[in-house]
Amino acid sequence: MLHQPITKNYHDFIIERDPEKCIQCQVCVRQCSYGAHIYNEKDERVTEDEARCVGCHRCEALCPTEALTIRRNPSEFRENALWAPQFIKNIYKQADTGGVLLTGMGNPYPYPVYWDRMVLDASQVTNPSIDPLREPMELRTWLGSKPDAIEVEMKKGKPNLTTQFLPQLQINYPILFSAMSYGSINLNVHVGLARAAEELGILYNTGEGGLHQSLYKYGENTIVQCASGRFGVDSKYLNAGVAIEIKIGQGAKPGIGGHLPGEKIGKEISITRMIPEGSDAISPAPHHDIYSIEDLRQLIYALKEATDYEKPVFVKIAAVHNSAAIASGIARAGADVIAIDGFRGGTGAAPTMIRDNVGIPIELALASVDERLRQEGIRNRVSLLAAGGIRCSADVVKAIALGADAVYIGTAALIAVGCTVCQRCYTGKCPWGIATNDPYLAKRINPDIAHRRLANLVRAWGHEIQEMLGGMGLNAIESLRGNREKLRGVGLNEVELNILGIKHAGA
Amino acid sequence: MKSWQYQKDISGCGLSGIINKNGERITGESIICSIACQHDRGNGLGGGFAAYGIYPDFKDHYALHIMADNLDALHAVEGFLNQTVSVVHQEKIPTRPNKYITDPPILRRYFIEPVKEGDRICRWPGLSDDDYIVRVVMNVNRDIKGAYIFSSGKNMGAFKGVGFPEDIADFYRLDEYSGYIWTAHNRFPTNTPGWWGGAHPFTILDWSIVHNGEISSYGINKRYLEMFGYHCTLLTDTEVVAYLLDLIIRRHGLPVELACKVFAPPFWQEIDRMDKEAKRLFTAIRMVYGSGLLNGPFAILFAYNGGLVGLNDRVKLRPLVAAVKGDTVYMASEESAIRAICPDPEKVWAPKAGEPVIVTMDKGASTTKKQARLSPACAGA
Ligand code: SF4
Ligand code: SF4
């Protein structure tokens, strides 16, 4: 029987300090928000409490003499294919606390990653590849509900468009920053996202935590989110961005609401979320005014009314078993854009069991949604965004070839500003200054640098997408969208190929 | 087989087209000579022609050209036609033996009219005549194994098969037809199943298309068309162009020049420089018809009863030359193919990337005029 917290005995990481290199400067002590480095005044030496380390690598990165190495604790349980270490440790933890296991970021388990089982095509002989350095290579994308056909009338011998369009959003890259609320991440990161979106000509999403006063000026590049808690929602907020997203679900925790504990609701967050300081911010699991699709329709139109029908309304859902039918209903309910968030999508906090066991891969959900909307002849009526586990530009290209208009990136954006995917965002102590509102930690993010790094990332991906497009002999992104001929499966079975709507490599 | 499992066929090619704007009908010899001059652009695995104004006696009836692998397939088609349309006249497509043309399928043509609403056999009430015929063609091509309708327009016809175009022409006795528009195709497939249906032109109603190039956007063009009830079953990317023409011009009612801008739209950098109205129009075209953009290298000629259009992809990755003499306009992959039948054109030019050459019939053109033999029918002959 154990008499002290299990993490003391079976901790995940070990901290190696090279005594030759360590100069006792205590940088690590100041950097580690978990208190894993301890300065012993009496001995004038830095020591460590390895049980506290979450493996974020902050101290290692900042140690001026490279004295630190963070490693996986090699001490292992007796190997057992069923009782993998995480199950054992989780039980110890719950036996200690009696609580729900919490975690952050997306599902880390080795479910198949279909991006890695699909390969792309390239031109050889019969069609020339196109060099993006010499020829235009177009990534410009329009999000919004399109009519099936346009009408023109001849005016003075010139065709003149008579079709009225619903509102459309132009983006220069098929990449948007996905919803991360102010509260789950701090203002410095939001400022970086907003400025990068502005520079790139794309959009960022406020998430459900409202919009900080200082960010209203980036409205042209903002999607404001309206989630079940309705935090920070008023008519000024709804009109602040260029689009409104109704968040029904999130890939990391389908069917689950959110909870930002009262101790994190400081002054600024309280003003932005429009709730009292120190009160818990609870997002219910469902919207309590949406118990069915017709209720969703009412909310969509209520938001359109509130914004004079000038802004497209996005609906974001988690990828679940019936995504295709749900998406079709959402399209018919009047949404302009549907965002589907796969089970690898990140989160600031989620119950571990939910994150790791609920939802389906975005690749499969996206393929079936796109196909269903086409079968029903309503694919033009909505744009599709794929989210949840997009790691690189090739993933973007594959998502678009499967049928997405554009993708949302969240985790990738945080990694660009320093996140090491330690999965402890829910503690609010992010040593990288991202998933934290502690001013001491938050100032580790310099908004200017965050802006530059985020813009660099998207631009770099843009170049790579252009290279891949050119290699396939295409010079406009719309010729890739839904063009599953450009994909082949590797090592996939027939059921998987059928759902993805692609041939196997070699076929 | 699931629609996404169909294999796209890849080919290079030579093209030629002639139109007399005044409606004077030209005998087949000229187009045969022009395409034969581009013999080396093909490899003997596909040749074909489309001719307009060739059925003056049945000019108000849809002419269905059918190829069938065997009698069972043919009977299946006939059974289907008897249940859906009224056949006014039917006959074998006349052919003559040619030593290079082996193993032809059974070839028949049927002049038909769609049955009227309320008729016992009207399968799809509420459709326009044209839509009705499109349904008939789609159903046969998708569902009847071993049989294909490869031509379905009024007063026009496609003739195609496996062989060099000059031999195909001889086989089909095209020298005996005369038309006011002709297009021809010489094919260089790289992975052909050696199938007659895979040769160009591809047609639906009176739209016919011959194509040199590879449509890299095929995967999405095809899925886009499926949303509107077109099924691409002919194992080639060119088919999508025929259906796109039908969808965009006939069903959506866009003028021909804008349809060309769907296939080869201006770049955004050009659109950004346009005046407000034009910018709105072209932005709309790209937003709504992005899935209809033909991406990849191509030169195409498409014809319909009212005209002939030549078009290149938007970076001009395949050759196309045009020339004019009097009322006759010529287009071909190579200038030599034009000069072979028109040694002294008034004007010869290479159309720019994405800029269509649109030739429409003159007002008052009469296509029942006496047929004319272009002089010389063949400069080389
Ligand atoms: S939690 Fe991070 S900063 Fe603290 S010891 Fe571990 S790696 Fe270093
Ligand atoms: S945001 Fe911070 S806490 Fe969350 S995974 Fe990244 S580094 Fe860890």
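Computed from a predicted model, the values in this text were never measured in an experiment.
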_Under the ring-ring contact (aromatic ring centres under 6.0 Å, His included) test, residues paired with A:Trp461 that sit two or more places apart_ = none
_If you compare all heavy atoms of A:Ile340 against all heavy atoms of A:Ala365, which two are closest, and at what distance to 0.1 Å?_
CG2-CB, 4.1 Å
*Heavy-atom pair count under 4.5 Å with chain B, highest-scoring of A:Asn380, A:Asp148, A:Ile477*: A:Asp148
*Where along residues 129-136 of chain A does a heavy atom come under 4.5 Å of chain B, listed by residue number?*
A:Glu135, A:Pro136
*Can a salt bridge be assigned to the pair A:Arg332 and A:Glu376 using a cut-off of 4.0 Å between side-chain N and carboxylate O?*
yes
*With a 4.5 Å heavy-atom cut-off, do A:Trp142 and B:Val288 have their side chains touching?*
no
*Taking the side chain as every heavy atom from C-beta outward, state whether A:Glu138 and B:Arg286 have any atom pair closer than 4.5 Å.*
yes
*Is there a side-chain contact between B:Leu127 and B:Val134 (heavy atoms, below 4.5 Å)?*
no
*Is the NZ or CZ atom of A:Lys146 positioned over B:Tyr289's six-membered ring, under 6.0 angstrom from the centre and within 45° of the axis?*
no
*Which one, B:Ile285, B:Leu294, B:Leu254, leads in non-hydrogen pairs under 4.5 Å with chain A?*
B:Leu254
*Answer yes or no: is there a donor N or O on one side and an acceptor on the other, between the side chain of A:Arg484 and the main chain of A:Leu500, under 3.5 Å?*
yes
*Are any of the side-chain heavy atoms of B:Glu334 and B:Pro319 separated by less than 4.5 Å?*
no
*Measuring heavy-atom distances to chain A, does B:Leu293 have an atom under 4.5 Å in its side chain, in its backbone, in both, or in neither?*
both
_Pair A:Arg481 + A:Asp405: basic N to acidic O under 4.0 Å_ = yes
*Say whether, by atom type as modelled, one donor and one acceptor occur between the side chain of B:Asn43 and the main chain of B:Leu45 under 3.5 angstrom.*
yes
*Interface moiety of B:Arg251 toward chain A, non-hydrogen atoms closer than 4.5 Å*: neither
*Could A:Asp336 and A:Lys311 be called an ion pair, given the rule that one side-chain N must be under 4.0 Å from one carboxylate O?*
no
*Let me know if A:Gln168 has heavy atoms under 4.5 Å from chain B in its side chain, its backbone, both or neither.*
side chain
*asked:* So if I take each residue of residues 149-157 of chain A and look for any heavy atom under 4.5 Å from a heavy atom in chain B, which residues do I end up with?
replied: A:Ala149, A:Ile150, A:Val152, A:Met154
*Who are the side-chain hydrogen bond (donor to acceptor under 3.5 Å, both in side chains) partners of A:Tyr114, not counting sequence neighbours?*
A:Glu496
*Checking heavy atoms, do the side chain of B:Leu281, its backbone, both or neither come under 4.5 Å from chain A?*
both
*chain B: which of A:Asn160, A:Leu480, A:Asp121 shares the most heavy-atom pairs with it under 4.5 Å?*
A:Asn160
_Which of B:Pro255, B:Gly296, B:Ala284 touches chain A most, by non-hydrogen pairs under 4.5 Å_ = B:Ala284
